[in-house]
There are 2 protein chains.
Amino acid sequence: MDTLFSNVTVVTMDEELRVLFSAFVGVTDGKISYLSRKAPEAKPQQIINGEGMVLMPGLINCHTHLAMSPMRGYADDVELSTWLNDYIFPREDRLDGRCVKAATLLSLAECLRFGTTSVSDMYYFCDEIAEAVAESGIKANISRAVTFFGEDFDFEKDPRCQEMVALKEKWHGFDNGRIKIEASIHGEYTSDYRVWDALSEYAINEGIGMHVHLSETKAEHEACKERYGLTPAQVLDCHHVFDAPAIAAHCVWLEPEDMRLLAKRKVSAVHNPCSNLKLASGCAKVEDMIKAGMNVALGTDSSASNNTLDMFEEIRAATLMAKGASLNPKALPAQAALMMATVCGARAQHREAECGMIKLGMDADLILLDFTQPHLMPCHNVMSHLAYAVNGHDVVMTMVRGKILYAAGKYLTIDLDAVVKELAEYVMPKMFTDRTESREE
Amino acid sequence: MDTLFSNVTVVTMDEELRVLFSAFVGVTDGKISYLSRKAPEAKPQQIINGEGMVLMPGLINCHTHLAMSPMRGYADDVELSTWLNDYIFPREDRLDGRCVKAATLLSLAECLRFGTTSVSDMYYFCDEIAEAVAESGIKANISRAVTFFGEDFDFEKDPRCQEMVALKEKWHGFDNGRIKIEASIHGEYTSDYRVWDALSEYAINEGIGMHVHLSETKAEHEACKERYGLTPAQVLDCHHVFDAPAIAAHCVWLEPEDMRLLAKRKVSAVHNPCSNLKLASGCAKVEDMIKAGMNVALGTDSSASNNTLDMFEEIRAATLMAKGASLNPKALPAQAALMMATVCGARAQHREAECGMIKLGMDADLILLDFTQPHLMPCHNVMSHLAYAVNGHDVVMTMVRGKILYAAGKYLTIDLDAVVKELAEYVMPKMFTDRTESREE
């Protein structure tokens, strides 16, 4: 046994949602090898004293754009179209692979610090994103978002598609599946049937997943119905997009028939409550999706529209929004919100056999939280605290496959000082040099 | 000069909402005595290096029930009536002054840790609440909530009213106004005109403030209209309740005419976004209240319905809820939400001349935040980070009247270990002994 967590409160997130007090969790060769109320006989290499601590599965962030961190707080409180056209797109035009790598590493440090052990990322310059993920030790499903507004589409010649193909060849399955590559149609409104047909065929033939934005804003949803007489979910389905195992981010404006269709197609929805509120996109009907049989996971979206990557904030926002919007205090209880960030996330990433629970044989993707601070006392119900009182700052250790990646303020795989230097000296000047500083006296 | 913050980013929250970079803030005899981009010539007793830090006015929590901390997470995801009748009231029946004091100290530690420097509390056993406040060094407006369901009301004999009178005599103005006592009608639905008349008269004669719950739930608001043909705001106004300087907590279901009336009466509303969402009470129309001319402050409500006392979470929730509910991303921008937690809070507490801004001559009620963590990098806009990315865990120092009460994990005025011991050995057994433990294996 490599590591033993002793006398710890274990939130298993397993089928019975068990909470074990003063328990022992052992890790051997990156897997969970021991789980009991009794101490093991085997002597572990290291013991982590879990008194006053809670051990739970690492959180799974199923929709983000890690490399957007340089634009965190760059523009807030503006219309979505202004935000994109006047602020985000002009800055993104200046990105290069070097910027993306540094920005991704900064975001990965934040993810690890706040207890996230696996992410689903959609962006471009994905080779550098994969490099950052590889170095950091986190798990990731990475996709190169394909948009297409041109005349003649040719999968074999389109640089975006070819970046995706090269990415898949180079990185899919890296480190025994720690990295998975997925296909990505950015959205119904940023491409057409030629892209949908080609990418669906590619994903199905290669046996990889599909990551799309779906019905995020009312305007986008209604424009699609106007254009095709079908909702975005319906029109993409007609083009076999959901024949590949797919995740659909946002799903704010899904109609009841969309939910039934996506449930039948086993599409996982990814709810991004904070980003949807901040951009005023609306409030996804999470309980209706669950009732329709859909798997619903959670995501932060990018830190440019959130403005953090703290998944505990999303858990809390998801349950509070569900209650507020329905005026029903029983809506989306603590357990359901926690499942969205763990087991449902693992399912959305097609990783349910390897993580999302604390269970013998699963990967040791674990986080430890300090429950001895005033805001977590007393503790009648651990699940309640995790959903309603904890946030990412309470995480004191993050482990992926048995390897500690963050502990007590230290990043074990990311040289944060070097990342900060690279950000200050290369990324920010490259992206923002013409910006008028308005520092007031 | 006693203390100098050097090379710090200062968010003044003054009339021009100035942000000063690499600035110097001096504190002398508990007051802000220096504010400049240049270092002072006078040599201070101590220097606090503010590099990478943000200094701002302490946050003001205008509606809470500090002593409810033992019930944090005791019951969630249930109907409000179930929550109150089956969980909260039976436990509150077991409270005594000793419980209340320990519970209040626990909450005050949480307040200080998360950057709150002044609170408006409404509860009972207020003598012990005042003792805890006095010891902790925080500022507080304290009120003994009066409810009355009996037959014959006599202000001179009613024990609740007499507790209020004794409280006012003993504590009002304590420590040069650090503690203020207010009158409190718990709510329209928990008393009648005899209480309203008597307490209004008392508050006006004594020149003290008034703290009420107002239109928190739709049911309460509608029942009042059914009963009196008037809204709660209207009926309380008829009984001169708002002739005293008043704060009205929640105001979720105010009608446009209520807002105009309360604005005319200079009543401050206290918005409690997280508690209102969690109990599914609804979403207060903050922008409408502001447009009607009302002063709107922020509060956490108790940690039994929140479940923390982190005012930064309320700031974020206030702006996100306003955007989500109106589908307008420009609604309640960062600056407005930050003002609610500082200057508007000071106004609601009738403390606007002494705190809520960083300004020469005001009390040094200050908090320092660490802006060097990954989730706060880069920093395009300090106000944006404070509203959308910071939370209470980023606070590294809390000062009231120039005295440091919390710094880097240490509570300088509260013996947290003793409070935790008292909670474990006295409070929890007294309140919860018959509770069936359901610790699962």
Side-chain angles (χ1 to χ4, degrees), chain A residues 18-21 37 69-70 72-74 76-80 83 106 109-110 113-114 218 274 276-280 282-283 303 306-310 317 320-321 323-324 326-331 333-334 373-375 377-381 384-385 388-389 391 393 416 420 423 428 439-441, chain B residues 18-21 37 69-70 72-74 76-80 83 106 109-110 113-114 218 274 276-280 282-283 303 306-310 317 320-321 323-324 326-331 333-334 373-375 377-381 384-385 388-389 391 393 416 420 423 428 439-441:
Chain A
R18 286 182 303 161
V19 178
L20 294 96
F21 296 89
R37 287 289 305 279
S69 53
R72 184 203 312 273
Y74 174 50
D76 311 285
D77 306 323
V78 293
E79 295 283 353
L80 180 62
W83 184 71
L106 179 71
E110 186 184 347
R113 197 266 162 275
F114 289 155
K218 189 174 185 185
C274 293
N276 293 158
L277 285 178
K278 183 153 184 287
L279 295 173
C283 180
S303 52
N306 186 304
N307 293 352
T308 75
L309 303 174
D310 184 345
L320 293 187
M321 266 171 80
K323 294 177 201 324
S326 63
L327 294 187
N328 172 15
K330 297 179 178 179
Q373 301 301 307
H375 68 288
M377 288 193 281
C379 184
H380 294 283
N381 180 327
S384 159
H385 272 18
Y388 299 119
N391 65 39
H393 292 262
L416 190 59
V420 171
L423 207 73
M428 299 306 284
R439 298 192 157 196
E440 291 167 66
E441 290 305 302
Chain B
R18 286 182 304 160
V19 178
L20 293 95
F21 296 89
R37 286 289 304 281
S69 54
R72 184 203 312 273
Y74 174 50
D76 311 286
D77 306 323
V78 292
E79 295 283 352
L80 181 61
W83 185 71
L106 179 72
E110 187 185 347
R113 197 265 163 273
F114 289 154
K218 189 173 185 183
C274 292
N276 293 158
L277 284 179
K278 184 153 183 285
L279 295 173
C283 179
S303 52
N306 186 305
N307 293 351
T308 75
L309 303 174
D310 184 345
L320 293 187
M321 267 171 80
K323 294 177 200 326
S326 63
L327 293 187
N328 172 15
K330 298 178 178 179
Q373 301 301 307
H375 68 287
M377 289 194 280
C379 184
H380 294 283
N381 180 328
S384 160
H385 273 17
Y388 299 119
N391 65 39
H393 293 262
L416 190 60
V420 171
L423 206 75
M428 299 307 285
R439 298 194 157 195
E440 292 167 63
E441 290 304 302

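Only this structure's heavy atoms are used, side chains among them; waters, hydrogens and symmetry mates stay out.
In terms of heavy-atom pairs under 4.5 angstrom with chain A, the leader among B:G282, B:A109, B:C283, B:C274 is B:C274. With respect to chain B, the highest number of heavy-atom pairs below 4.5 Å among A:K330, A:K218, A:K323 belongs to A:K323. The choice from A:G73, A:S326, A:A317 that makes the most heavy-atom pairs within less than 4.5 Å of chain B is A:G73. Interface check for chain A: of the options B:V78, B:L320, B:D310, B:T308, the most heavy-atom pairs under 4.5 Å are formed by B:L320. Among A:G324, A:A334, A:A331, A:P333, the residue making the largest number of heavy-atom pairs under 4.5 Å with chain B is A:P333. Ranking A:M321, A:Q373, A:H385, A:R113 against chain B, the residue ahead of the rest is A:H385, based on heavy-atom pairs under 4.5 Å. Counting heavy-atom pairs closer than 4.5 Å to chain A, the top residue among B:N306, B:L416, B:L80 is B:N306. The greatest number of non-hydrogen atom pairs below 4.5 Å with chain B, out of A:P329, A:P378, A:S303, is found for A:P329. Counting heavy-atom pairs under 4.5 Å between each of A:L309, A:N276, A:L327 and chain B puts A:L327 at the top.
Between B:H393 and B:F114, the ring-plane angle classifies as tilted under the 30° and 60° cut-offs.
Note that the CG atom of A:N307 and the CG atom of A:D76 stand 5.0 Å from one another [nearest 0.5 Å]. For the atom pair CG (B:N328) and CD (A:E79), the distance works out to 6.0 Å, reported to the nearest 0.5 Å. One distance of note links SG of B:C379 with CE of A:M428; it measures 9.5 Å at 0.5 Å rounding.
Nearest heavy atom pair, residue B:R72 against residue A:P374, reads NH2-O, 3.1 Å.
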Query raised in the report: Could you go step by step and tell me if A:Y388 and A:N381 meet the side-chain hydrogen bond (donor to acceptor under 3.5 Å, both in side chains) rule?
Result: CA-CA 11 Å; A:Y388 299 119; A:N381 180 327; over 6 Å; no

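For B:L106, the parts sitting under 4.5 Å from any heavy atom of chain A are the backbone and the side chain alike. When heavy atoms are compared at a cutoff of 4.5 Å, B:H375 approaches chain A by way of both its backbone and its side chain.
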